[in-house]
Amino acid sequence: MSVRSLRIAMRAALWLQAVPACLLWSATKPLAIVNTVISDRDGGAPLPADYAHDPGETMFLSFQVEGYAASSAEKVHLSYKMDVFDPRGVRIIQPVAAEIEDTLAPEDKNWKPVVRDEITIPPLAGSGTYKIALSLADVIAQATAAKEITFQVHGRQVEASDTLVIRNIRFYRSEDDRQALQTPAYRPGDAVWARFDMIGFKYGEGNAIDVSYDVSVLAPDGKVLYSQPQADADRSASFYPKRYVPAVMSLATKPNTRPGEYTVVLTAHDGVGHQTFEARHTFKIE
């Protein structure tokens with residue numbers, strides 16, 4: 001081979017080696033989810049890892065992406081998915097999926113895409129460690145990355161049951177009271193307030209529930225003074241299954257109500273599971 005032919009061959013080889021660099025700009029780091037932040041407000045400061053979130057609270061999640069690739073046209077194309085699970089591994093929200101597509105400017109070589117999302121904790125979520133599962137794909141580089149983040153929730157503890165039961169019957173002075181009475185005693189003419197939880201009901205399609213209760217009041221001699229069938233009901237469906245149904249009831253006593261020990265009879269009904277449960281609790285008129 002002549003010297004001229006050798007130089008042409010060498011130039012051709014160098015050009016062929018340079019083609020991938022023209023078609024694809026690749027990062028020096030592997031694809032990764034970095035700088036994850038959970039805050040109590042959009043753009044807020046990170047919360048401590050042991051921070052206890054409340055049921056019904058909306059959290060704000062953000063993270064950045066590094067190690068992505070760009071095409072020869074400086075296009076970036078990423079996709080991500082987010083799942084959130086309770087301590088039992090049950091999804092608390094519908095999976096979130098989205099695309100990130102952008103064009104890089106010359107000054108954007110160190111740019112890290114930012115993803116922001118919101119997570120609303122179910123109103124009746126229980127206590128424990130919850131998990132956010134993030135997955136990321138770089139469509140251009142055909143690369144993937146994943147990351148898991150945990151957070152704590154402090155919810156009400158209602159003991160589970162395989163069958164319908166009424167739990168945690170508490171009496172109060174007023175609707176707004178948060179401290180239950182140690183001894184449920186009232187004066188004639190007072191309003192009697194009570195709270196309780198129904199749990200152990202069954203679910204229909206789409207986590208549908210049909211839970212209701214009847215209430216009646218018995219005098220000290222056992223005579224029925226008051227009765228209200230279907231005093232309240234929860235017939236609803238939700239993505240995340242309700243763990244229990246909280247209920248509030250009130251009774252108006254008359255100024256001439258005789259002192260003595262009265263009995264509240266609560267009868268819970270599960271329309272989906274065809275179950276019934278009765279609970280009794282006493283209070284005094286002094």
Side-chain angles (χ1 to χ4, degrees), residues 52-59 82-97 117-133 150-172 175-178 180 192-217 226-251 263-281:
H53 299 267
D54 294 324
E57 177 185 332
T58 296
M59 307 188 318
M82 178 178 70
D83 271 317
V84 188
F85 302 94
D86 72 4
R88 299 172 297 161
V90 178
R91 283 189 174 98
I92 67 170
I93 62 171
Q94 293 185 350
V96 175
D117 229 313
E118 297 180 9
I119 300 168
T120 299
I121 303 169
L124 302 178
S127 296
T129 301
Y130 288 63
K131 180 178 71 176
I132 303 169
T150 59
F151 62 94
Q152 304 298 316
V153 173
H154 180 66
R156 286 192 60 234
Q157 295 297 335
V158 180
E159 184 182 350
S161 175
D162 293 331
T163 57
L164 183 66
V165 294
I166 296 175
R167 299 200 190 282
N168 306 324
I169 302 175
R170 298 97 65 204
F171 286 86
Y172 298 85
E175 182 180 10
D176 298 327
D177 281 355
R178 290 294 173 261
V192 177
W193 288 89
R195 296 189 183 97
F196 55 94
D197 304 308
M198 294 174 284
I199 196 169
F201 46 82
K202 305 305 179 184
Y203 302 92
E205 185 177 356
N207 293 321
I209 63 171
D210 181 356
V211 179
S212 60
Y213 71 91
D214 312 329
V215 60
S216 59
V217 180
Y226 171 82
S227 181
Q228 184 179 358
Q230 294 285 299
D232 202 358
D234 186 342
R235 298 181 176 94
S236 62
S238 58
F239 177 81
Y240 183 69
K242 287 185 177 179
R243 294 191 307 122
Y244 63 95
V245 171
V248 181
M249 55 154 283
S250 66
L251 303 167
T263 302
V264 174
V265 182
L266 299 169
T267 305
H269 303 279
D270 173 13
V272 175
H274 306 290
Q275 304 179 82
T276 300
F277 181 85
E278 181 181 282
R280 297 182 176 224
H281 210 291

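Each residue takes its place number in the sequence, starting with 1.
- Under the 4.5 Å side-chain criterion, counting only non-hydrogen atoms from C-beta, Leu124 is not in contact with Pro55.
- When atom types are taken as modelled, the side chain of Ser212 and the backbone of Asp232 share no donor-acceptor pair closer than 3.5 angstrom.
- Counting heavy atoms from C-beta outward, Pro87 and Tyr130 have side chains that approach closer than 4.5 Å.
- Taking 4.5 Å as the limit, some side-chain heavy atom of Phe151 sits within range of a side-chain heavy atom of Ile121.
- For the atom pair OG1 (Thr150) and NZ (Lys131), the distance works out to 10.0 Å, reported to the nearest 0.5 Å.
- For the atom pair CG (Asp210) and NE2 (His274), the distance works out to 9.5 Å, reported to the nearest 0.5 Å.
- Nearest heavy atom pair, residue Thr120 against residue Ile93, reads O-CG2, 3.8 Å.
- Atom CD of Glu57 is separated from atom CD1 of Ile119 by 10.5 Å, given to the nearest 0.5 angstrom.
- Judged by distance alone, the side chain of Asn207 and the main-chain N or O of Ala237 form no donor-acceptor pair under 3.5 Å.
- When every heavy atom of Val153 is checked against every heavy atom of Gly126, the shortest pair comes out as CG1-O, 3.5 Å.
- Between Asp214 and Gln230 the shortest side-chain heavy-atom distance falls below 4.5 Å.
- Contact detail for Ser161 and Thr163: the closest heavy-atom pair is OG-O, 2.6 Å.
- The shortest heavy-atom contact between Arg88 and Tyr240 is NH2-OH, 3.5 Å.
- Of the inter-residue distances, the one linking His154 atom NE2 with His53 atom NE2 reads 13.5 Å to the nearest 0.5 angstrom.
- Glu278 places none of its side-chain heavy atoms less than 4.5 Å from the side chain of Leu266.
- A heavy-atom distance below 4.5 Å is not found between the side chains of Tyr244 and Arg167.
- A distance-only check finds no donor-acceptor pair linking the side chain of Arg243 to the backbone of Gln157 [under 3.5 Å].
- The minimum heavy-atom distance between Phe85 and Ala133, with the atom names listed, is CE1-CB, 4.1 Å.
- Between Phe171 and His281, the two ring planes are tilted [angle within 30° to 60°].
- Contact record, Gly155 with Ser127: N-OG, 2.8 Å, taken as the closest heavy-atom pair.
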Pairs of donor and acceptor atoms involving the side chains of residues 197-205, under 3.5 Å and at least two apart or interchain, shall be tabulated with distances.
residue: Asp197; atom: OD1; partner: Arg156; partner atom: NH1; Å: 3.1
residue: Asp197; atom: OD2; partner: Arg156; partner atom: NH1; Å: 3.3
residue: Asp197; atom: OD2; partner: Arg156; partner atom: NH2; Å: 2.7
residue: Asp197; atom: OD2; partner: Asn168; partner atom: ND2; Å: 2.9
residue: Lys202; atom: NZ; partner: Asp162; partner atom: O; Å: 2.8
residue: Tyr203; atom: OH; partner: Lys242; partner atom: O; Å: 2.4

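- Put simply, the side chain of Val264 reaches to within 4.5 Å of the side chain of Val215, judged on heavy atoms.
- Atom-to-atom distance recorded for Met82:CE and Gln94:CD is 11.5 Å, nearest 0.5 angstrom.
- With sequence neighbours left out, Val248 forms a side-chain contact (heavy atoms from CB on, under 4.5 Å) with Trp193, Arg195.
- The distance from the CG atom of Asp177 to the CZ atom of Arg170 is 12.5 Å, given to the nearest 0.5 Å.
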